[in-house]
Amino acid sequence: MGSRRLAAAALAAVAFFVAAPVDAQKAPSPQQSAALATYERALGDFKSVLAERRRQIEAKQPLPNLPGQALYLARVAVISSYKDLTDVTPSRIGRPNKFEIPPAYFDADIEPLVEEYGRLFDIMEAPPAGAQSSPTPFKDVVDLAVAIARAKGLAPEHAETAGRISLGLFFAETNGKQNVRNARSNTYMGSFQTGPSEDRNGRRKWEKIKADVAAIDPHLSARNDREEARARGTDQRFNHWTNVRNGLMNAHADLFREIPGIVKTLPDPIDQMKLFQLIQIVPTPTRSALKSGDLLNYRVSSPRIMRYLRNNSIFAFGQADRAKTSASYREIFAAMWLFNRKFEKAIARYAEIKPR
């Protein structure tokens, strides 16, 4: 009798554990249902705007002003609403995706939609007729940055770091595509996405150091003279060489002097690139953070600065991120995960260029 009781108890235990997962499945809460509905609506809107823009392009219809803005906002809404969904329903967090977006923010099943998003931007941001491209766009970025850094007094080792960082900026701004337009702005154009005033400022600063550059690298100086002549009478933002040169001189050249200290504080090359990208996005607080002596713990709390960060895909996705009213630079670096893949590509490209 005792053995039969034990067998019956064992069967009951097995039955409990088999049934438990089914019994544990609960109906979604109102919060979960609302989050799912919001995500499905955002996904439908994303599909709709992609299809509309594709139809307009193939029919050769005039596109609206800033034709990429609606696509960008729809993509942000998809990622944001998916993060809100996974926050309340963690089981929706799925497999890794080819874009290396954290799975809590992105459903890998919609990869084809984001690929179509990229193809549409390639069309809308194609260089204008007459744009002056370079057969060596990546090498140009590195060579210019190294020469400028040397003219600013850096040793060769740290000048090479400037070259690698600048290549990261090229990928961050345009995915490594030269002379592109901007489907979300009528101001920022070219390989380094500068506005007219930034381009002019970079040209003025270049004139002040061009003799120093010529003394350090006569070959590069001769190349510069050829490109200047080639771009004469045109918008220098659509000559790859001059736009990279002017963009670096406008925003980054003076900061190159700080590279020895930056490397000690931020030994990770990707973090170094993130810092210089933040000089593009929020220059004033980033310079203040560097001067503070405690870069990573320096906090920003200005609503205007937080808005600029969000407009550049930092703290932009999901209610929790968007609710932040302040952030340290350590938190900002961590939130720049959308840039990681671009910077990894830049590092790989730099490794190919470096033996030059």
Side-chain angles (χ1 to χ4, degrees), residues 131-132 134 137-138 140-154 158-159 161-174 176-182 184-214 216-217 220-221 223-225 227-228 230-232 234-259 262 272-291 305 308-309 311-312 339 346:
Q132 298 172 343
S134 168
F138 306 110
D140 292 352
V141 174
V142 175
D143 287 350
L144 277 163
V146 169
I148 291 169
R150 293 293 308 280
K152 291 291 183 178
L154 265 69
H158 291 128
T161 299
R164 184 181 64 228
I165 289 170
S166 299
L167 195 58
L169 296 173
F170 183 31
F171 275 86
E173 290 297 316
T174 69
K177 295 177 288 188
Q178 57 179 319
N179 295 330
V180 298
R181 290 177 288 188
N182 191 324
R184 296 182 55 219
S185 171
N186 291 325
T187 301
Y188 298 101
M189 304 285 174
S191 298
F192 259 55
Q193 293 290 287
T194 55
S197 62
E198 295 167 322
D199 193 68
R200 288 192 298 269
N201 187 51
R203 291 171 70 175
R204 285 193 296 267
K205 289 185 173 182
W206 170 258
E207 289 299 319
K208 295 178 180 179
I209 72 162
K210 65 184 297 185
D212 296 332
V213 171
I216 291 167
D217 192 338
L220 182 137
S221 180
R223 166 74 186 281
N224 181 76
D225 290 344
E227 295 296 338
E228 284 272 9
R230 184 183 177 207
R232 188 170 294 120
T234 70
D235 186 339
Q236 283 200 351
R237 293 179 299 165
F238 290 113
N239 172 292
H240 173 71
W241 177 274
T242 54
N243 184 237
V244 170
R245 182 200 69 193
N246 297 342
L248 288 174
M249 289 303 306
N250 171 68
H252 304 289
D254 291 337
L255 192 60
F256 284 167
R257 295 191 182 100
E258 307 295 329
I259 282 178
I262 289 170
Q272 297 163 15
M273 293 175 179
K274 287 180 178 179
L275 177 68
F276 276 79
Q277 182 61 21
L278 288 168
I279 289 290
Q280 291 274 101
I281 299 168
V282 285
T284 300
T286 302
R287 291 192 178 98
S288 297
L290 275 170
K291 293 177 182 177
I305 298 304
Y308 286 155
L309 293 174
N311 194 47
N312 286 272
F339 290 87

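- Side chains of Asp199 and Gln236: no donor on one and acceptor on the other come within 3.5 Å.
- We find that Arg287 and Glu258 are not joined by a salt bridge, their nearest charged nitrogen and carboxylate oxygen being 4.0 Å or further apart.
- Remark: Glu228 does not engage Arg232 in a salt bridge, criterion side-chain N to carboxylate O under 4.0 Å.
- Between Ser166 and Leu248 there is a side-chain heavy-atom pair separated by less than 4.5 Å.
- With hydrogens and angles disregarded, no donor-acceptor distance shorter than 3.5 Å links the side chain of Ser221 to the backbone of Asp217.
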Passes side chain to side chain contact (heavy atoms under 4.5 Å, CB included), Met249 versus Arg204? Steps please.
-> CA-CA 9 Å; Met249 289 303 306; Arg204 285 193 296 267; over 6 Å; no
Worked verdict on Glu207 versus Arg203 for salt bridge (charged side-chain N to carboxylate O under 4.0 Å, His left out) | CA-CA 6 Å; Glu207 289 299 319; Arg203 291 171 70 175; over 6 Å; no
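- Taking all atoms of both residues into account, the shortest heavy-atom contact from Leu154 to Arg257 is CD1-CA, 3.6 Å.
- Relative ring orientation between Phe171 and Phe138 is described as parallel, the plane-to-plane angle staying below 30° on a 0-90° scale split at 30° and 60°.
- A 4.5 Å side-chain heavy-atom check between Ile262 and Thr161 finds every atom pair outside the cut-off.
- Here the side chains of Gln272 and Ile259 are not in contact, with every heavy-atom distance at 4.5 Å or above.
- One distance of note links OG1 of Thr286 with NZ of Lys274; it measures 13.5 Å at 0.5 Å rounding.
- Here the closest heavy-atom approach between residue Ala159 and residue Val146 is recorded as O-CG2, 3.4 Å.
- A side chain to side chain donor-acceptor pair (under 3.5 Å) with Arg245 holds for exactly one of Asn224, Asn239, Asn250; it is Asn224.
- Across all non-hydrogen atoms, the minimal contact from Ala346 to Met273 is CB-CE, 4.2 Å.
- Looking only at side-chain heavy atoms (C-beta outward), Asp254 and Lys205 come within less than 4.5 Å of each other.
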Using distance only, find each side-chain donor-acceptor pair of residues 184-196 under 3.5 Å and give its atom names and separation, not counting sequence neighbours.
| unit_1 | atom_1 | unit_2 | atom_2 | d |
| --- | --- | --- | --- | --- |
| Arg184 | NE | Gln69 | OE1 | 2.9 |
| Arg184 | NH2 | Asn311 | OD1 | 3.4 |
| Ser185 | OG | Thr187 | N | 3.0 |
| Ser185 | OG | Tyr188 | N | 3.2 |
| Asn186 | ND2 | Asn65 | OD1 | 3.0 |
| Ser191 | OG | Asn179 | N | 2.9 |
| Ser191 | OG | His240 | ND1 | 2.7 |
| Gln193 | OE1 | Asn182 | ND2 | 2.7 |
| Gln193 | NE2 | Val180 | O | 3.4 |
| Gln193 | NE2 | Gly190 | O | 2.8 |
| Thr194 | OG1 | Asn243 | ND2 | 2.8 |

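- Scanning both residues, Ala145 and Gly163, for their nearest heavy atoms gives CB-CA, 3.7 Å.
- Counting heavy atoms from C-beta outward, Leu290 and Leu275 have side chains that approach closer than 4.5 Å.
- For the residue pair Leu144 and Leu220, the shortest heavy atom distance occurs at N-CD1, 4.0 Å.
- By the ring-ring contact (aromatic ring centres under 6.0 Å, His included) test, Tyr308 pairs with no residue at all, sequence neighbours left out.
- Rounded to the nearest 0.5 angstrom, His252 NE2 and Phe276 CZ are separated by 7.5 Å.
- The nearest pair of heavy atoms linking Val213 to Ala151 is CG2-CB, 3.8 Å.
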Please test Trp206 against Ile148 for side chain to side chain contact (heavy atoms under 4.5 Å, CB included), starting from the C-alpha separation and ending with a verdict.
-> CA-CA 9 Å; Trp206 170 258; Ile148 291 169; 4.0 Å; yes
Starting from the C-alpha separation in whole Å, work towards a yes-or-no answer on side chain to side chain contact (heavy atoms under 4.5 Å, CB included) for Gln277 and Leu169.
-> CA-CA 6 Å; Gln277 182 61 21; Leu169 296 173; 3.4 Å; yes
Would you sort out whether Asp140 and Val244 count as a side chain to side chain contact (heavy atoms under 4.5 Å, CB included), showing the intermediate values?
-> CA-CA 8 Å; Asp140 292 352; Val244 170; 6.0 Å; no
